[in-house]
Protein chains: 2
Amino acid sequence: MNSMSDFRIPGITIYRLGMYARSLERFLQEGRDLISSEELARACGVNPAQLRKDLSYFGQFGVRGVGYSAQTLLKSIRRILGTDREWPMVLAGVGHLGHALLSYEILTRRGFKFVAAFDVDPAKIGKVVNDIYVYAMEQLPYIVREHRVEIGVIATPCDAAQEVADSFIREGIKGIVNFAPTSIKHPPNVVVEQSDMTILFDKIAYYLLRLD
Amino acid sequence: MNSMSDFRIPGITIYRLGMYARSLERFLQEGRDLISSEELARACGVNPAQLRKDLSYFGQFGVRGVGYSAQTLLKSIRRILGTDREWPMVLAGVGHLGHALLSYEILTRRGFKFVAAFDVDPAKIGKVVNDIYVYAMEQLPYIVREHRVEIGVIATPCDAAQEVADSFIREGIKGIVNFAPTSIKHPPNVVVEQSDMTILFDKIAYYLLRLD
DNA sequence: TTTTTTAGGTTATTATATGAACAGCATGTC
DNA sequence: GACATGCTGTTCATATAATAACCTAAAAAA
């Protein structure tokens with residue numbers, strides 16, 4: 001079970017690797033390096049055994065009796081996740097959320113770079129947001145080819161999301177992050193991550209009703 | 001296991017209830033009402049058996065041999081989730097994401113209403129975004145008491161998130177939605193939902209690297 | 001009516017994820 | 001250099017979740 005190419009690693013482990021990476025970045029910023037599974041796990045709100053197990057899917061990164069070097073571990077996690085390189089992305093939907101994404105500096109720092117944005121609103125087309133030009137959807141094929149775009153981000157209203165996803169897929173984009181609160185149908189060779197904020201609020205409401 | 005107050009219902013079931021609700025809303029908008037577990041489940045990308053099981057935690061909502069009434073089921077799910085009432089909320093952090101949240105109409109439609117926003121930037125204090133006034137953080141206690149605020153939303157930078165959460169908790173807010181990419185420490189009688197967009201991108205990168 | 005069909009509810013099985021316990025290696029100490 | 005200590009890597013038991021199979025009720029057809 002130690003091969004990096006093993007596909008049977010739980011998705012939630014991948015998710016937590018991202019959490020660990022973020023935590024390690026902050027830890028390094030504070031000028032420290034040596035960190036134990038205990039400390040890193042607590043910072044992420046998980047069990048230390050789970051952290052060690054998550055890492056063990058991919059190899060051995062610590063030193064027994066000592067702990068982990070934050071720098072080394074971060075580098076390893078980045079290699080595992082693929083965040084040690086740049087990922088050119090396009091955005092569809094330059095509304096408020098789209099604006100937020102285009103300006104989200106933490107994405108850029110991790111190598112996720114928007115090379116272009118798209119919208120159907122003529123008032124938005126031609127504008128520049130955070131150095132990123134807003135095109136009409138028709139320009140998508142050209143841009144994708146030109147910049148070898150691999151990730152498409154959807155921040156459109158619900159009812160446009162599937163259509164945009166289909167366009168992305170048609171142009172060969174294999175990774176989609178969807179912020180529209182609707183689930184996207186897609187072939188198995190395309191990876192889609194959904195993020196539905198509205199459901200977070202539903203969950204909060206549910207648990208608030210039942211506190212005590 | 002059929003009591004609505006049973007706390008041992010999996011969190012992921014609650015999450016899916018939110019998905020079902022959204023799907024049902026769209027279904028009703030198309031003017032239809034009768035829907036089978038098969039159709040609803042497929043629209044949400046889940047297994048029909050899972051949908052039926054999720055619902056069975058809370059009672060019986062369908063008619064055997066027939067299906068569900070979308071309207072009735074939606075009403076039931078809303079009562080379960082607590083989205084059949086209004087939830088007054090406050091926002092901390094009026095950056096791009098904060099703006100997006102204040103303008104997110106789908107939240108309002110579901111009863112989640114921002115009554116005030118807060119920021120530390122003097123340039124933002126006093127502004128009005130989508131009819132919502134931006135206050136200095138010092139005003140928090142007064143606003144929370146005045147509007148009986150039950151949910152606090154964090155859209156600040158990482159390093160301010162914990163401090164804001166502590167303020168929320170100090171004022172008696174029991175539900176927090178955190179969009180800052182850091183995990184919030186909180187007592188057990190406070191409910192926190194985290195949403196970290198950056199990790200979605202990490203996951204996409206991971207799976208893109210391993211396609212084929 | 002009786003039969004057949006349909007689709008929800010329920011139980012059983014399988015798969016997955018978590019947490020605790022322990023084995024094993026590096027470091028520091030006497 | 002032997003020994004004690006500390007923290008990782010790994011295994012295993014438990015808990016949780018997903019799927020499949022089955023049972024039952026309602027509606028439609030014969």
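In what follows, chains carry the letters A, B, and so on, assigned in the order in which the sequence lines appear, proteins first and then strands, with residues in each chain numbered from 1. Computation of the quantities below employed the complete heavy-atom set of this structure, encompassing side-chain atoms and omitting hydrogens, waters and symmetry-equivalent molecules.
For the pair B:L17 CG and D:dA17 P, the computed distance is 13 Å after rounding to whole Å. Rounded to whole Å, the distance from CZ on A:R42 to C1' on D:dC7 is 14 Å. Nucleotide D:dG9 holds its P atom 12 Å from the CG atom of A:L40, rounded to whole Å. Residue B:Y68 contributes atom OH, which lies 15 Å from atom P of D:dA27 at whole-angstrom precision. Per the geometry, OH belonging to A:Y57 stands 12 Å off P belonging to D:dT10, to the nearest Å.
Across all their heavy atoms, B:S37 and B:R52 have their closest contact at OG-NH1, 3.0 Å.
Within residues 187-203 of chain B, no residue is approached by DNA chain D to less than 4.0 Å at the level of any non-hydrogen atom.
Residues A:Q162 and A:D166 have side chains that bring a donor and an acceptor to within less than 3.5 angstrom of each other.
Residue B:I12 is in sugar-phosphate contact alone, with no base atom involved, counting any heavy-atom pair closer than 4.0 Å across all strands shown.
In terms of position along DNA chain C, the nucleotide closest to B:G62 lies nearer the 5' end than the nucleotide closest to the other residue of the pair B:G62 and A:G11.
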Exercise for the section: Sugar-phosphate atoms are those with a prime plus P, OP1 and OP2; base atoms are the rest. Using that split, label each nucleotide of nucleotides 21-30 of chain C B, S or - for protein heavy atoms under 4.0 Å, 5' to 3'. Expected result: B-BBBSS---
Completion exercise
Per-nucleotide protein contact along nucleotides 11-16 of chain C, 5' to 3', at a 4.0 Å heavy-atom cut-off (B base, S sugar-phosphate only, - neither), is -B---S
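Closest to the A:Q60 side chain, of the nucleotides D:dA20, C:dG8, D:dT10, is D:dT10.
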